[in-house]
Amino acid sequence: MLHREYSLKDREIDRKADNFFLLNFFPFIHLIKFQSVNFNSLYDVGHCLCLSAGRYIPPHLRNKDASKNDASGWNTAKEAYSNFGNNRGKSAFFNDRSNANRGRFEHGGFGGGGGNSRWVEESRDDGDWSKPMPRNERLEHELFSGSNTGINFEKYDDIPVEATGHNCPHHIESFQDVDLGEIIMGNIALSRYTRPTPVQKYAIPIVKAKRDLMACAQTGSGKTAAFLLPILSQLYTEGPGEALNAAKENGKYGRRKQYPMSLVLAPTRELALQIYDEARKFSYRSRVRPCVVYGGADIGQQIRDLERGCHLLVATPGRLVDMMERGKIGLDYCNYLVLDEADRMLDMGFEPQIRRIVEQDTMPHKGIRHTMMFSATFPKEIQILARDFLEDYIFLAVGRVGSTSENITQKVVWVEESDKRSFLLDLLSATGKDSLTLVFVETKKGADALEDFLYREGYACTSIHGDRSQRDREEALSQFRSGKCPILVATAVAARGLDISNVKHVINFDLPSDIEEYVHRIGRTGRVGNLGLATSFFNDKNGNITKDLLDILVEAKQEVPSWLESLAYEHQHKSSNRGRSKRFAGGFGARDYRQTAAGGSAGGFGGRGGRNQAGHGGNRGFGGGEGNYSHSQVDWWGN
DNA sequence: AAAAAAG
């Protein structure tokens with residue numbers, strides 16, 4: 001504990017020194033300061049400059065959009081400054097939106113004042129929802145100048161996709177193949193998306209056709225856009241409908257309850273934020289106002305933001321329930337429901353809250369509302385549970401780019417508990433300074449301890465876990481993303497869904513006890529067709545995962561240490577053939593349990609990984625692996 | 001047994 005305090009204080013000094021440097025070398029920052037930008041904004045600007053002034057450019061910012069960021073950095077800074085000035089001057093229509101949430105988190109906020117948005121709200125709601133609002137260059141720059149989240153799937157035309165269910169709508173090949181409307185097409189262009197990713201090709205027409213959907217696709221394969229694009233498109237063409245009247249009626253009594261037309265639920269706060277950021281992009285120039293609510297942040301500010309209008313809500317379950325109980329949110333007209341990381345949302349920890357939101361309140365029933373679930377994994381028992389929320393759904397399984405085996409090199413090394421730290425130091429010293437390294441530990445305490453250790457060893461690192469303040473969590477993530485702290489020590493909170501570009505190395509300092517967790521963790525690297533490395537420290541504490549890990553390595557055609565093999569053999573015999581390993585029998589891919597439940601037709605996914613067909617034993621027959629389609633994927637890729 | 005999610 002002492003160490004921790006020491007290191008935090010230390011870091012504060014470091015930070016102040018940085019700031020001193022900035023103020024001296026970039027005097028115009030003083031100007032910004034006089035405009036009373038908060039400390040964090042100042043710091044962000046300075047940081048930005050620091051990076052682009054030729055000292056250190058984090059890898060993921062390199063080679064990005066060379067035309068704009070011509071390495072000088074001054075343009076960016078000047079632009080930011082002048083934009084800042086402009087922004088103060090005019091109470092532009094869009095100001096209230098940009099300010100709404102970013103400002104709240106006090107990150108990089110040049111967002112303007114907003115303020116009297118009453119008139120704005122009226123005009124936003126009352127016009128033709130399918131027609132774009134005027135452009136706003138500053139906002140456009142803010143939303144779309146970041147790294148290109150579009151994924152280059154050009155090379156992967158043969159991704160295996162399986163869609164099962166009644167009357168499945170035909171997939172599209174380009175965004176033009178379906179009528180998404182003027183606003184969406186504009187925002188797709190601004191996002192520099194050229195072609196739909198495989199999951200988008202299938203999901204977009206399914207959602208447009210108002211079919212319920214259970215989609216199994218790796219996070220980062222464009223799945224957020226796969227539901228946001230068609231949902232927003234529908235909202236634009238359908239207009240506000242009853243929801244608007246309800247909100248207005250309610251507003252008369254000063255209650256200002258909001259009736260979002262669409263709800264997206266996510267299992268972690270950071271993931272909710274990430275989805276919200278995407279939603280802001282695709283709702284640019286529209287009358288749809290996205291909002292995000294989650295715990296750990298000031299609820300008053302979130303309520304005020306909601307009261308400015310909320311048509312699409314992204315939320316974590318706990319805070320949403322809170323909002324509902326406070327009468328700030330009504331789901332009466334919420335006809336689009338998305339569960340992201342759905343298998344997590346329906347597991348034991350979350351299921352009651354989901355039922356509370358979806359079944360025990362005023363949300364339209366299934367069959368009326370339109371429900372979509374997305375996840376990388378869909379174990380059979382979760383699929384069965386999910387039936388409660390879905391009506392005649394399409395099951396979609398989309399192979400991922402490459403797959404684990406092609407993109408991620410998985411290493412397992414035997415490291416005794418007492419040797420872990422020094423081994424980690426060896427790994428880190430062998431890692432390029434510019435690469436991002438994500439170190440997973442099993443406990444929050446362990447995360448603190450390891451971060452302190454690395455910090456004392458002189459590494460620029462930070463940590464994220466559920467006991468840190470939300471502010472610290474978001475700061476840690478942003479410092480990791482930006483490359484300021486290229487090492488992030490994390491618990492399970494960072495295992496799922498987070499899209500951090502350029503993570504070169506995932507280190508399992510502690511292996512998880514759950515193989516799915518393992519698959520999700522290593523899926524933070526090797527994304528978007530990049531190469532990734534995953535190193536796992538293994539010792540006798542990890543006996544429970546031995547067999548599953550071995551299966552994964554074999555399936556992914558990875559090098560298997562001989563000791564692991566014999567250990568798995570022993571373990572299998574010791575545990576008399578009952579254990580978790582059967583969850584993966586039959587391969588890692590998710591498949592529609594409806595296809596095999598009845599007669600074990602093994603149809604659908606064509607007998608992939610055909611070792612033991614699932615179904616025997618009481619275990620979860622269809623343990624998913626994040627899109628890992630097992631050894632027979634070779635056939636699927638056609639090579 | 002731990003982590004996540006409300007405070």
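For the numbers below, each heavy atom of this structure counts, side chains included, while hydrogens, waters and symmetry mates do not. Please read these numbers as outputs of a predicted model, since none were measured by experiment. Per chain, numbering begins at 1; letters A, B, ... match sequence-line order.
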Can you check the [X] [atom1] to [N] [atom2] distance for me, whole Å?
| X | N | atom1 | atom2 | answer |
| --- | --- | --- | --- | --- |
| Ile464(A) | dA4(B) | CD1 | C1' | 12 Å |
| Lys444(A) | dA4(B) | NZ | P | 5 Å |
| Asp514(A) | dA4(B) | CG | C1' | 13 Å |
| Leu511(A) | dA2(B) | CG | P | 18 Å |
| Asp510(A) | dA1(B) | CG | C1' | 13 Å |
| Glu517(A) | dA1(B) | CD | P | 18 Å |
| Met348(A) | dA1(B) | CE | P | 13 Å |
| Arg473(A) | dA5(B) | CZ | C1' | 9 Å |

For Glu391(A), salt bridge (Lys or Arg N to Asp or Glu O under 4.0 Å) partners two or more places apart = none

Can you find a donor-acceptor pair, distance only, under 3.5 Å between Thr491(A) side chain and dA2(B) base?
-> no

Against the side chain of Glu442(A), the closest entry in dA6(B), dA5(B), dA2(B) is dA2(B)

Could you work out which one of dA6(B), dA1(B), dA2(B) sits closest to the side chain of Ser513(A)?
->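 So the side chain of Ser513(A) is nearest to dA1(B).
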
Do any side-chain nitrogens or oxygens of Arg269(A) fall under 4.0 Å of OP1 or OP2 in dA5(B)?
-> yes

Respond yes when some side-chain nitrogen or oxygen of Thr316(A) is under 4.0 Å from OP1 or OP2 of dA4(B), and no when none is.
-> no

Strictly by modelled atom types, are Gln274(A) and Asp499(A) linked by a side-chain donor-acceptor pair under 3.5 Å?
-> no

Fit a plane to each ring of Trp414(A) and Trp563(A), take the angle between them on a 0 to 90° scale, and name the class: parallel (under 30°), tilted (30 to 60°) or perpendicular (over 60°).
-> perpendicular

Base, sugar-phosphate, or nothing for Gly295(A), non-hydrogen atoms under 4.0 angstrom?
->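 Sugar-phosphate, no base atom in range.
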
Would you call Asp277(A) and Lys281(A) a salt bridge, using N to O less than 4.0 angstrom?
->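 Looking at Lys281(A) together with Asp277(A), the answer is no, because their closest N to O distance does not fall below 4.0 Å.
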
Taking only residues two or more places apart in sequence or in another chain, which ones pass side-chain contact (heavy atoms from CB on, under 4.5 Å) with Ser469(A)?
->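 Arg471(A), Asp472(A).
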
